[in-house]
Amino acid sequence: MRKKSLKTLVFLVFLSLAFYTVLFFYKKKSTATFSSKKSYGTDKAFIWAIKETVQVQQAKKPEALEASQEKIEIPAPAKQILERCPDTPPDLVGPLYVEFTVERTLDEVRKEMNFLKEGGRYKPPDCIAQQKVALIIPFRNRYDHLRHWLYYLHPILKRQQVDYTVYIINQDGEGVFNRAKLMNVGYAEAMKQYDYDCFVFSDIDLIPLDDRNLYRCFESPRHLAVAMDKFNFNMPYDTFFGGVSSLSRDQYLKINGFPNTYWGWGGEDDDIHERIKSRGMTISRPDLATGKYKMIRHQRDLHNEANPNNPFKLRLASLNMNADGINSLRYTVKAIVKDVLYTFITVDIEAPQS
Ligand code: UDP
Ligand code: MN
């Protein structure tokens with residue numbers, strides 16, 4: 001009997017030893033799951049440890065969330081809701097220093113204009129541009145002037161927060177030059193590419209001397225080149241509309257675009273002025289200080305001689321405008337090349353031989 005109770009006692013001692021051993025290892029493992037550094041002696045402390053660790057994790061949560069939101073915001077600005085760009089662009093600098101003695105290659109100009117997209121396109125990244133503007137440049141064989149124009153105008157247009165593309169409309173062949181018809185081609189080709197609401201027509205040799213002279217459209221057709229150096233920074237005559245001008249799509253269509261029949265130099269800008277006047281529109285202009293321009297000096301080009309018939313045509317401007325314009329435009333596109341600095345469109349405009 002004593003032997004039996006001794007056996008039972010030994011068994012019980014063994015059982016309780018086994019129980020405490022299992023309990024000890026279980027506690028140690030659970031604590032390690034929540035806190036690897038601190039060790040807690042009692043059950044109460046063990047529960048605290050769990051609470052504390054969970055609280056620390058919760059407290060950290062907002063910080064972690066903020067960090068991840070920041071990371072999302074930088075690479076995905078498209079999710080930002082953009083506002084309309086301000087009426088007065090904030091980065092304008094006013095009077096500009098312009099000189100034509102430094103020679104630059106197109107490649108050098110390209111390197112500087114790292115903000116452009118193919119085709120000579122730009123759009124302000126942080127606001128919605130007020131207008132979509134096509135810049136139309138009538139062109140033939142003026143590559144020196146082209147480099148200067150691109151070098152100066154792209155940064156100005158960027159500062160002006162314009163959504164724009166530069167179109168160089170290159171007359172194919174050696175026939176008589178026709179500035180106004182090339183500008184019509186520019187309008188027609190630009191409209192095939194994007195929903196422009198404003199058109200700025202510029203000679204290749206005119207650089208503005210003040211970036212507050214905005215390349216955009218106004219209530220009335222706008223004449224921008226009001227004070228060229230070659231005219232002593234003044235208007236050569238009151239109705240002058242040459243060099244650089246802008247018309248909204250509506251204004252342009254109201255006058256049936258420009259005449260196609262002014263071959264050679266002279267008269268087409270006065271014809272456009274007549275068209276605008278005869279449709280009851282006025283001309284808007286910057287003041288003479290803001291509207292200063294520097295012209296790159298040049299000889300009269302080959303195949304662009306003054307046409308003695310043009311002054312006579314001018315008298316019939318308002319009569320001819322309904323039949324001669326964007327509604328009668330005929331041309332054939334020979335090539336469209338998209339450079340990062342411009343869209344270059346070579347076009348056959350059925351020019352007579354000179
Ligand atoms: N133009 C051109 N190649 C020519 C003739 C004219 O590119 O052979 C373009 C160029 O944009 C130029 C504009 O037509 O600035 C007006 O011609 P020009 O400069 O001869 O006129 P003006 O200096 O008398 O205003
Ligand atoms: Mn010129």
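Computed from heavy atoms alone, side chains included, the values below leave out hydrogens, waters and symmetry copies. Read the numbers this way: they start at 1 and go in the same order the structure lists the ligands and their atoms.
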Going by the order shown, which atoms of ligand 1 are within less than 4.0 Å of some heavy atom of W265?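 It comes down to these atoms of ligand 1: 21 (O), 22 (P), 24 (O).
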
Atoms of ligand 1 under 4.0 Å from any heavy atom of P138, numbered from 1 in the order shown, are 7 (O), 9 (C), 10 (C), 11 (O)

Name of the D205 atom (N/O/S only) found closest to the Mn ion (ligand 2):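 For D205, the N/O/S atom sitting closest to the Mn ion (ligand 2) is OD2.
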
Using a 4.0 Å heavy-atom cut-off, say whether [X] meets ligand 1 through its side chain, its backbone, both or neither.
{"X": "N304", "result": "side chain"}
{"X": "H298", "result": "side chain"}
{"X": "I204", "result": "both"}

Would one find an N or O of S202, backbone or side chain, under 3.5 Å from an N or O of ligand 1?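 Between S202 and ligand 1 (N or O atoms, distance only) the closest approach is not under 3.5 Å.
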
Which residue and non-hydrogen atom of the protein lie closest to [atom], and at what distance in Å?
{"atom": "atom 16 (C) of ligand 1", "answer": "D203 OD2, 3.5 Å"}
{"atom": "atom 5 (C) of ligand 1", "answer": "D301 OD1, 3.2 Å"}
{"atom": "atom 14 (O) of ligand 1", "answer": "F177 CE2, 3.5 Å"}

So, does D205 sit close enough to ligand 1 that a heavy atom of it is under 4.0 Å from the ligand? yes

Check: F201 ring centre within less than 6.0 Å of F258 ring centre: yes

For atom 18 (P) of ligand 1, which of R142, K230, R140, R300 has the closest heavy atom?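 Minimum heavy-atom distance to atom 18 (P) of ligand 1 goes to R142.
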
Hey, are K292 and D229 close enough for a salt bridge, meaning a charged N less than 4.0 Å from a carboxylate O? no

Please answer whether the main-chain N or O of G325 pairs with a side-chain N or O of N260 as donor and acceptor at a distance below 3.5 Å. yes

Flag if over 12 foreign heavy atoms under 6.0 Å of NZ, K123: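 Incorrect, the count does not exceed 12.
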
Other residues, nucleotides and ligands only: do more than 12 of their heavy atoms fall within 6.0 Å of OH on Y237?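 Above 12, so yes.
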
Between D163 and V133, is there a side-chain heavy-atom distance shorter than 4.5 Å?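 No, their side chains stay 4.5 Å or more apart.
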
Determine whether the side chains of Q161 and Y122 contain a donor N or O and an acceptor N or O closer than 3.5 Å.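 No donor-acceptor contact under 3.5 Å links the two side chains.
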
Ring-face cation contact, F344 with K338, 6.0 Å cut, 45° max: no

